[in-house]
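Remarks on the structure that follows.
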Amino acid sequence: MKKFRLLAVLAVCLVSASYAEVNSLYFMNYLPYKLYMNPAFQNQCETYVELPGISTINVEANIGALSLNDVLKLKDGQMVTFLHPSFGGSERDALFKKLKNNNVVHEELNVSVFGFGFRVKKKGYLSINMSVRQDLTGYIPKDLFSLALYGTPDSTNVNHYDLRNTKASANAYIDLNGGYSHRINDKWSVGGRVHILLGLANANASFSNLDINAEAKQWRVTGNGVINTSVPAMEVKTDSTGRISGFNFPSQFNDYIKSYKLSMGAAFDLGAVYKPIKDLSLSLSIKDAGFMVWDNVNSANGNIDYTFKGIEYHYGEQGVNYGDSILKVLQQSYTVDNNKKKYVTAMNAKMYFGVEYSFLRDMMSVGLLSRTDLNAGRLQEELTLSYNLRPCSWFSMSASYSFISGGFSTLGVGLNLRLSPINFYVVTDYMPLYYSAEGIPYRSQRVNVQAGILLTFGCKKKSEPLFTPSM
């Protein structure tokens, strides 16, 4: 009996290719984006202006405990997935041992629409920003990987898989925010930022219980789950029993606008910077602590008890449609409540703690940043060590290494060129160092990049050059 495979698991893993902030930005003084990570910071330039759509384009990818090297292997000159027959049993065992009981994949995207900041008298700095933001989080239990890796039994035995921790959520929203930093004295600076959030779309799914009893001839899926969506203009069609029969979306953009009901939320950032001595800086901040209230609600819930023959996958053949099987489960198990009231979701909060020591008249520095992600239901840590070079006001660069996700296969690099008033930058924490012949960074767990062009005016200049040329 051929084994059943869940190719969809691989697709879910690889689609999460982040968090929205690049850690290395925290120590790059001539870029305003460190203000968005800790509102107590003040930019070295008197004024900055973000250009619509090109000042901030930021995406990061995280596939949890695995790297692409765990699910992709180079075999006879070809890159193959763990579903390929040449992917040996020992390799599958090694992949399975690396998994956690509940594996998180996460992605965020942030594009700035506009923004600006300027100094207020001598001790204050005000910054305003509008961005479009999106995030996706998935929770994949280890048992689901077990089913994908080892398949269903070849005998009449029944294998039980506990999938109750399977969850997924997706958000898209507009972030209007304003922040202010105040330098109390030579040692202390404090700041805060307020976010007004306008929701565009949300979907989330969770299960109080979900089990698969799989045998060679059939699978039986049982459980109870809830799916909430806030998607303007989406119509969920139901039959006479209230069960899902299909979905309708408008063909005209005007219909989308007319059906939109305002979903709103709020969040805040708080930060502080302390300089016990001239060249040493300690900083702490919490970012995006808040919530969103979603309207345009459709809600589906149901008790699942569905039996099907399974998905038989033959490597190299076409025509397998996993979506049809999932849709049948939804249609036969879930009833829809189109009158559900608004629901609330938490924001993806983060906490930063940084230490930086500068030397050679602040032309160089070393920094250590701890970032803790406080997303609902999970806690994830990253630790980044950074060396920063800023010999003059028009050029700076940064080199960093992130200990937890780096895996000795990535390196952080940042470059900032300021040809007044044009300020160009590109920064990444996880630049891959190893690539396959096809150009795939197969040893990386996480990839991120932020780049853009903005305008800066009145940037603080270094009093003396780092080197004096000989005559």
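Throughout, residue positions are numbered sequentially from 1 according to the sequence presented. All figures in this text were calculated on a predicted structure; none of them were measured in a lab.
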inquiry  = How long is the straight-line distance from CG of N29 back to CD of E356, given to the nearest 0.5 Å?
reply    = 6.0 Å
request  = May I have all residue pairs that pass ring-ring contact (aromatic ring centres under 6.0 Å, His included) and include part of residues 162-186, sequence neighbours excluded?
outcome  = none
K287 side chain to Y36 backbone, donor-acceptor under 3.5 Å = yes
inquiry  = Please identify which of these residues, R119, K123, K34, R183, meets the side chain to side chain donor-acceptor pair (under 3.5 Å) condition with Q42.
reply    = R119
Closest heavy-atom pair and its distance - Y161, A214 = CE1-CB, 3.8 Å
ask   = Passes salt bridge (Lys or Arg N to Asp or Glu O under 4.0 Å), R390 versus D362? Steps please.
value = CA-CA 8 Å; R390 37 186 183 250; D362 196 37; 3.0 Å; yes
Check ion pair D429-R371 (N to O, under 4.0 angstrom) = no
remark   = In this structure, CG of L210 is separated from CG of L163 (nearest 0.5 Å) by 5.0 Å
request  = Answer yes or no: is there a donor N or O on one side and an acceptor on the other, between the side chain of K187 and the main chain of P276, under 3.5 Å?
outcome  = yes
ask   = About how many Å separate CG of L280 and OH of Y357, when rounded to the nearest 0.5 Å?
value = 8.0 Å
task = Look at the rings of Y401 and F403 and say which category their plane angle falls in: under 30° parallel, 30 to 60° tilted, over 60° perpendicular.
result = perpendicular
task = I would like to know whether N298 and V231 meet side-chain contact (heavy atoms from CB on, under 4.5 Å); could you show each step before the answer?
result = CA-CA 8 Å; N298 284 298; V231 181; over 6 Å; no
query = Are the side chain of K100 and the backbone of N103 linked by a donor-acceptor contact shorter than 3.5 Å?
reply = no
ask   = What distance separates Y425 OH from S396 OG, expressed to the nearest 0.5 Å?
value = 12.5 Å
Partner residues of F395 under the side chain to side chain contact (heavy atoms under 4.5 Å, CB included) criterion, sequence neighbours left out = P391, C392, M397, L415, L417
task = Would you check if L455 and I422 make a side-chain contact, meaning some heavy-atom pair closer than 4.5 Å?
result = yes
inquiry  = Between S400 and S24, do the side chains contain a donor N or O and an acceptor N or O under 3.5 Å apart?
reply    = yes
ask   = Who passes salt bridge (charged side-chain N to carboxylate O under 4.0 Å, His left out) against D211, sequence neighbours left out?
value = none
message = Could you walk me through whether L282 and V273 satisfy the side-chain contact (heavy atoms from CB on, under 4.5 Å) test, starting with their C-alpha distance in whole Å, then the side-chain angles of each, then the deciding distance to 0.1 Å, before giving a yes or no?
response = CA-CA 6 Å; L282 308 177; V273 178; over 6 Å; no
ask   = Quick one: does N296's side chain have a donor or acceptor within less than 3.5 Å of a partner on K261's backbone?
value = yes
ask   = Side chains of N202 and N171: donor-acceptor distance under 3.5 Å anywhere?
value = yes
ask   = What pairs of residues pass the salt bridge (Lys or Arg N to Asp or Glu O under 4.0 Å) test when at least one of them lies in residues 197-209, not counting sequence neighbours?
value = none
query = For E381, what residues pass the salt bridge (charged side-chain N to carboxylate O under 4.0 Å, His left out) criterion, not counting sequence neighbours?
reply = none
request  = For side-chain contact (heavy atoms from CB on, under 4.5 Å), just list the numbers for S181 and F41, CA-CA rounded to whole Å, side-chain angles, deciding distance to a tenth of an Å, and then say yes or no.
outcome  = CA-CA 7 Å; S181 169; F41 283 133; over 6 Å; no
key: side chain to side chain contact (heavy atoms under 4.5 Å, CB included) partners of A289, counting only residues at least two apart   = F268, I286
inquiry  = Can you confirm whether the side chains of T56 and Y33 place a donor and an acceptor under 3.5 Å from each other?
reply    = yes
ask   = Between T428 (side chain) and N448 (backbone), is there a donor-acceptor pair under 3.5 Å?
value = yes
Close side-chain approach of F457 and E46, heavy atoms under 4.5 Å = no
task = Check whether any side-chain heavy atom of V113 lies under 4.5 Å from a side-chain heavy atom of V132, and answer yes or no.
result = yes
message = Please verify the inter-ring angle class for Y26 with Y352; under 30° counts as parallel, over 60° as perpendicular, anything in between as tilted.
response = parallel
task = List for me each residue that meets side chain to side chain contact (heavy atoms under 4.5 Å, CB included) alongside E382, sequence neighbours excluded, and say none if there are none.
result = N23, T384, S402, I404, S405, Y430, R446
Residues that D162 engages under salt bridge (charged side-chain N to carboxylate O under 4.0 Å, His left out), provided they are two or more places apart = R164
query = Measuring from D288:CG to D175:CG, what's the distance to the nearest 0.5 Å?
reply = 7.0 Å
inquiry  = Is there a side-chain contact between H106 and D373 in this structure, where contact means two heavy atoms from C-beta onward sitting under 4.5 Å apart?
reply    = no
inquiry  = With side chain to side chain donor-acceptor pair (under 3.5 Å) as the rule and sequence neighbours excluded, what pairs involving residues 407-417 come up?
reply    = N416-R418, N416-N423
message = Can you tell me which residue among S127, S131, S112, S55 is in a side chain to side chain donor-acceptor pair (under 3.5 Å) with E50?
response = S112
ask   = Tell me, which pairs form a salt bridge (Lys or Arg N to Asp or Glu O under 4.0 Å) where one or both residues lie in residues 134-151, sequence neighbours left out?
value = none
query = With a 4.5 Å heavy-atom cut-off, do V293 and M264 have their side chains touching?
reply = no
task = Name all residues meeting the salt bridge (charged side-chain N to carboxylate O under 4.0 Å, His left out) criterion together with D295; count only those two or more places apart in sequence or in a different chain, and write none if there are none.
result = K342
Value rounded to 0.5 Å, distance of CE in M351 from OG in S285 = 9.0 Å
key: Heavy-atom check, side chain of L99 versus side chain of F96, under 4.5 Å   = yes
request  = Only counting residues at least two apart or in another chain, list the ones meeting side chain to side chain contact (heavy atoms under 4.5 Å, CB included) with E91.
outcome  = K73, K75, F87
message = Counting only heavy atoms from other residues, nucleotides and ligands, does the tally under 6.0 Å from CG of D186 exceed 12?
response = no
ask   = Taking side chain as C-beta onward, heavy atoms only, is N165 less than 4.5 Å from Y139?
value = no
task = Decide side-chain contact (heavy atoms from CB on, under 4.5 Å) for M130 and F114; before the verdict, give the C-alpha distance in whole Å, the side-chain angles of both, and the deciding distance to 0.1 Å.
result = CA-CA 5 Å; M130 174 180 175; F114 72 83; 3.4 Å; yes
